[in-house]
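Structure first, commentary second.
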Amino acid sequence: MGKMYEVSNRYNNYRDYTKEFTEVGRSIRRPDGADKVKGKVQYTDDLTLPRMVYGKLLRSKHAHANIVKIDYSKAMELEGVLGVITGEDCPIPYGIVPHNANEHALAVGKVRNWGEPVAAVAAVTEEIAEKALELIEVEYDVLEAIVDPREAVKRDDLRIHEDAPNNISYEGIQVYGDPDKALAESDYVLEQDYYSSYVNHGFIEPQSALADFDVATGKLHLYATCQVPHYTHQQLAKVLEMPLSKIRITVPLIGGGFGGKGVASQADFCSALLSRKVGRPVKITYERSDVFATNNGRHPCYMKMKLGFDKTGKITACDFTNLMDGGAYAGWGIVVLFYTASMVHIPYMIPNVRFDGKRVYTNKPTCGAFRGLGGVQPRFAMEQMLDQAAAHFGMDPYEIRMLNAAESGYTAMSKMYVPHTEYKKCLTECVEKSGYKEKHGKLPFGKGIGLSGGYYISGTSYTLYLSYKPHTVATIKVDEENDVTVYCGATDIGQGVDMVMAQMAAETLGVHTEDVTVIPRDTKISTFDLGTFASRLTFATGWAIRQAAEKINAELKPVAAGMLGIRGDEVEVQGGEFYNIYKPNKRVPWRDVVSSYIQTNGPLTKTGQFTPPRRKGIQQGGNIGHSPSFGFSAQIAEVDIDLETGKVNVVKITEAGDCGVAINPQSVEGQVHGSIGMGLGQALYEEMKIAPDGTFCNPSFHDYKVPTALDMPEIDANIVDAYDPSAPYGAKESGEGPIQPTIPAIFNAVYDAIGVRFTEMPLTPEKVLNAIKEQKAKGVF
Amino acid sequence: MKQLITLNINNQNYDVIVTPMDLLVDVIRKAIGLTGTKKGCGQGDCGACTVLIDGQPKLSCLTLAITCADKKIITIEGIANEDGTLHPIQDAFLDHGAVQCGFCTPGMILSAKALIDRNPNPSQKEIKTAISGNTCRCTGYINIVSAIESYANLVAEKGAK
Ligand code: FES
Ligand code: FES
């Protein structure tokens, strides 16, 4: 513990640090890019192993049913079938949050959602495996399904999980300050119900897993599409009853994740169990319908938000009730529930807050982590209410946000601490760039402009299993053969962290990014990292890499000094050369110094680590949402509504973001564009539809629409000038924050266009057209 | 039922045994081992499996392999220059940050190349329409469209192909 304390505080050493970067801040090409455009790079489904066979999962057509009997004898008789497994082969439950693990690789006794797998087959071809699925006879005792959480919570007579009265999977109340008193004393109180929709990540690469269990050594090697190899490692060990040391997880490249690959997939377990059973490597790749059945997408929320304001427009209190639809299993649920609680504390200063939330089980594919998790839903409510309040006070929506915006050093009532923020700059910059003030309230009927803000964490302060070990470890090896090799288990899901790690290592070591090779995503080779979630990687790997690189420098600088004939503290390194800081033309190549070091001292390898500072939450679940730092953004959407059809066309989005220093500005821009695209889809049309009997109505990209190139507006993405001194190289989150403002900005713009406030997502043409008709009837236009 | 056919892929002949039901995407990926062609939905909705058949972008997950016996197929592996250096459209994708996870990239590049091959001077709307069958969930398309525009400009300037 003493050591950990020391480690946690190391990140404050920033003061020694220079802001004159050469490698950081450059939009260099992705090192993995060339292989991607050539089609050379391998994703999990591209891999084959000798003797490999294929696995397929049999999925339930019922959303809620007891399994009476499974007979797979006929399937086993089919030529080419090697093995079948059912829930009996995996009785131990798993879950990303260990103390509430209630999922099974294959249903045990009962199915709780459409598409829950009940059996898995391994066969020599995919076709035979599919045929075998048809021969498996499952006898179900079909139960009534509940798909609406508002009903589920009333139905103790129909429990989805026996141990969850009223189908409540988690509930929590947090009270900070005295919201009742504050609301009673408020000059203006606004209260409104909101509903956020059931959306899917829609990553293009379906989950895939290739398991190779070696019966001779008892070791398992799993190749998988996984954002969190470490957690998958833990869960595999549990379900397969194997020591961690006998399991190796390699993550080839991932074709998008957005949180959806932030849990172990059933393919991971089933391929491993089948491989152990049949003694051959087994690959399971999902069809698109499997991806939807696995879901893990955004929790739909039935929210009630009450905001109080004093007479100047300052927020006095927030009373937030949230009923979350969790779907069939626990998953990330408790985390998401309490994130929705913590996400109302910032980016504004709110002195009194109450949260009363429940996550409820329903017979739907489980909800989980999805880009901006827990933040998107309450932001949808709050950012619209701020516009309403501004109108009440006769203020501009920009003004009311500026009045309430948190500033650097702010500590929220929940003890969430913001070391640094340029949120006000974000608001001002996008207001200026878009001409918001000139347009807002002044455009013709059908055209509108809307503002919104948002923020997100840069890492979490806790591991899911509350371990005190470092959250990220990076090892740097320097030698003559390879220049710099960075080992770190961080998982690149497309956002580009491999490149960012190379840039950060190069920055501190004073070499070129091209001289750095990153070896990531293999639990046997690369060093420990918790995984890709909560926008933690740049922040966490940044500190670990910097620490390791500084240790390397501490070894090399004295050698360079000897070669230059000066003192060690007179040496600096940049651009592949060590030099005398007083006589910069006295230089010695970095590689020569490395050779000299290794000849005298032997190999040079150093390890750095990062543990976030622990900031204690003071109430139930109050620690969730605490982060070393936060990224901020503001957006302005311009819409042009087709008054005949009700279709909302988003014409332009102006964005300004504070991600501290952008390690690779082009990547940041890419994250912003991608976030906006997703937010736009969720705002306007994306929605998973579940029938009353729990049948999934649109488990395909044909019926679940994601935005195409034709749907995207013009985007003006801006990175505001910022440097977060608590962050490595001043850099923090940029991938999740920018999705938060998109949805409310569009909704605020629609209000500006037709004078109707919508409180439910998505904003389908039908809803908009009905509203336009009503406005017409009222004589508004 | 099984038949021996010859597929011409990237100017190389491959003899493969197929059934009339085998999909081109599976034959390319599994029988021939060219895994650059991706499969995202298997239903014709995402465009990840796009290949060029006689110069036209086609969804290989909706194409029966057996129908391609006398055609010329180009996959992403057949796009780079003979000497292995990147094709200018591949360079454009990298320069414009049009690649994130890269899973949509092969299909996206092929759709874009087919467009510029038949219409070297497309409007932005034409570019967006040409790639509207290729879903990218990472990039928001903005940088992809600029990459294609810049390649089109290059073709116009230098006659590069
Ligand atoms: S895999 Fe062919 S279109 Fe999606
Ligand atoms: S880059 Fe990931 S889907 Fe396009």
Side-chain angles (χ1 to χ4, degrees), chain A residues 27 29-30 32-43 45-48 126-127 201-206 253-258 285 287-288 291 492-496 664 666-667 669-678 680 700-703 706-712 714-715 717, chain B residues 19 21 26 29-30 33-48 75-80 84 86-87 89-91 93-109 125 127-145:
Chain A
S27 287
R29 277 185 176 199
R30 309 172 69 102
D32 56 1
D35 283 351
K36 283 180 175 172
V37 296
K38 285 197 283 191
K40 185 178 166 192
V41 80
Q42 290 196 307
Y43 300 80
D45 187 47
D46 301 336
L47 305 175
T48 47
E126 270 184 296
E127 291 72 23
H201 315 86
F203 39 74
I204 310 300
E205 180 207 26
L253 266 190
I254 298 189
F258 316 112
T285 298
E287 305 287 336
R288 185 52 52 176
V291 178
D492 196 328
I493 56 172
Q495 83 278 38
N664 187 308
Q666 194 179 61
S667 285
E669 191 188 69
Q671 288 297 301
V672 171
H673 292 168
S675 279
I676 290 174
M678 279 189 167
L680 178 131
S700 72
F701 274 155
H702 203 68
D703 297 312
V706 300
T708 72
L710 287 165
D711 301 312
M712 289 302 289
E714 181 193 337
I715 298 179
Chain B
T19 72
M21 278 165 51
D26 295 327
R29 287 178 53 78
K30 288 190 201 151
L34 292 173
T35 53
T37 304
K38 301 297 176 207
K39 195 169 170 183
C41 69
Q43 293 176 312
D45 296 315
C46 74
T75 69
I76 190 67
E77 289 92 344
I79 291 295
L86 295 183
H87 184 278
I89 193 168
Q90 294 174 317
D91 267 317
F93 266 63
L94 293 180
D95 286 340
H96 287 81
V99 180
Q100 288 187 22
C101 81
F103 205 77
C104 69
T105 308
M108 198 65 91
I109 287 180
K125 182 81 191 279
I127 293 177
K128 289 183 179 172
T129 307
I131 60 164
S132 62
N134 293 85
T135 307
C136 175
R137 192 58 156 171
C138 301
T139 63
Y141 306 103
I142 307 287
N143 291 348
I144 293 178
V145 173

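The chains referred to below are lettered A, B, ... by the order of the sequence lines, with proteins before strands, and numbering in each begins at 1. All values below come from the heavy atoms of this structure, side chains included, with hydrogens, waters and symmetry mates left out.
Applying the side chain to side chain contact (heavy atoms under 4.5 Å, CB included) test to A/Glu127 and every residue at least two apart in sequence or in another chain returns A/Thr125. For A/Gln666, the side-chain hydrogen bond (donor to acceptor under 3.5 Å, both in side chains) criterion is met by no residue, not counting sequence neighbours.
Among B/Ile127, B/Leu86, B/Val145, B/Asp26, the residue making the largest number of heavy-atom pairs under 4.5 Å with chain A is B/Leu86. Residue with the most contacts toward chain B among A/Ile493, A/Asp45, A/Thr285: A/Asp45 (heavy-atom pairs, distance under 4.5 Å). Chain B forms the most heavy-atom pairs under 4.5 Å with one residue out of A/Gly677, A/Ser700, A/Gly670, and that residue is A/Gly670. The candidate with the highest count of non-hydrogen atom pairs below 4.5 Å against chain A, out of B/Ile144, B/Thr105, B/Asp91, is B/Asp91. For chain B, the option among A/Ile715, A/Asp711, A/Leu710 with the highest count of heavy-atom pairs below 4.5 Å is A/Leu710. Residue with the most contacts toward chain A among B/Met108, B/Lys125, B/Met21, B/His96: B/His96 (heavy-atom pairs, distance under 4.5 Å). Chosen from B/Thr75, B/Ile79, B/Thr129, the residue pairing most often with chain A at heavy-atom distances under 4.5 Å is B/Thr129.
When A/Leu253, A/Ile204, A/Val41 are each tested for a side-chain contact (heavy atoms from CB on, under 4.5 Å) with B/Phe103, only one passes: A/Ile204.
Closest of all the heavy-atom pairs between B/Ile76 and A/Gly39 is CG2-CA, 3.6 Å. The minimum heavy-atom distance linking A/Val37 with B/Gln90 is given by the pair O-NE2, 2.8 Å.
A salt bridge links B/Asp95 to A/Arg29: one of the charged nitrogens lies within less than 4.0 Å of a carboxylate oxygen. Between A/Asp46 and B/Lys38 a salt bridge is recorded (basic side-chain N to carboxylate O distance below 4.0 Å).
A 4.5 Å side-chain heavy-atom check between A/Glu205 and B/Lys39 finds every atom pair outside the cut-off. Under the 4.5 Å side-chain criterion, counting only non-hydrogen atoms from C-beta, B/Gln43 is not in contact with A/Phe701.
Looking at B/Gln100, its side chain never comes within 3.5 Å of a backbone N or O of A/Gln495 through a donor-acceptor pair. The backbone N or O of A/Thr708 lies less than 3.5 Å from no partner atom in the side chain of B/Lys128, so there is not a single donor-acceptor pair. In this structure, B/Arg137 contributes its side chain and A/Gly256 its backbone to no donor-acceptor pair below 3.5 Å.
Contacts of A/Lys40 with chain B are absent, with no heavy-atom separation under 4.5 Å from either backbone or side chain. Of the two parts of A/Asp35, neither the backbone nor the side chain holds a non-hydrogen atom closer than 4.5 Å to a non-hydrogen atom of chain B. For chain B, the nearby part of A/Glu126 is the side chain; its heavy atoms alone come within less than 4.5 Å.
For the atom pair CG (B/Leu94) and CZ (A/Arg30), the distance works out to 9.5 Å, reported to the nearest 0.5 Å.
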Show the numbers, then the answer: is there a side-chain contact (heavy atoms from CB on, under 4.5 Å) between B/Cys138 and A/Phe203? CA-CA 8 Å; B/Cys138 301; A/Phe203 39 74; over 6 Å; no
Verdict with supporting geometry, B/Thr139 and A/His673, side-chain contact (heavy atoms from CB on, under 4.5 Å): CA-CA 6 Å; B/Thr139 63; A/His673 292 168; 5.9 Å; no
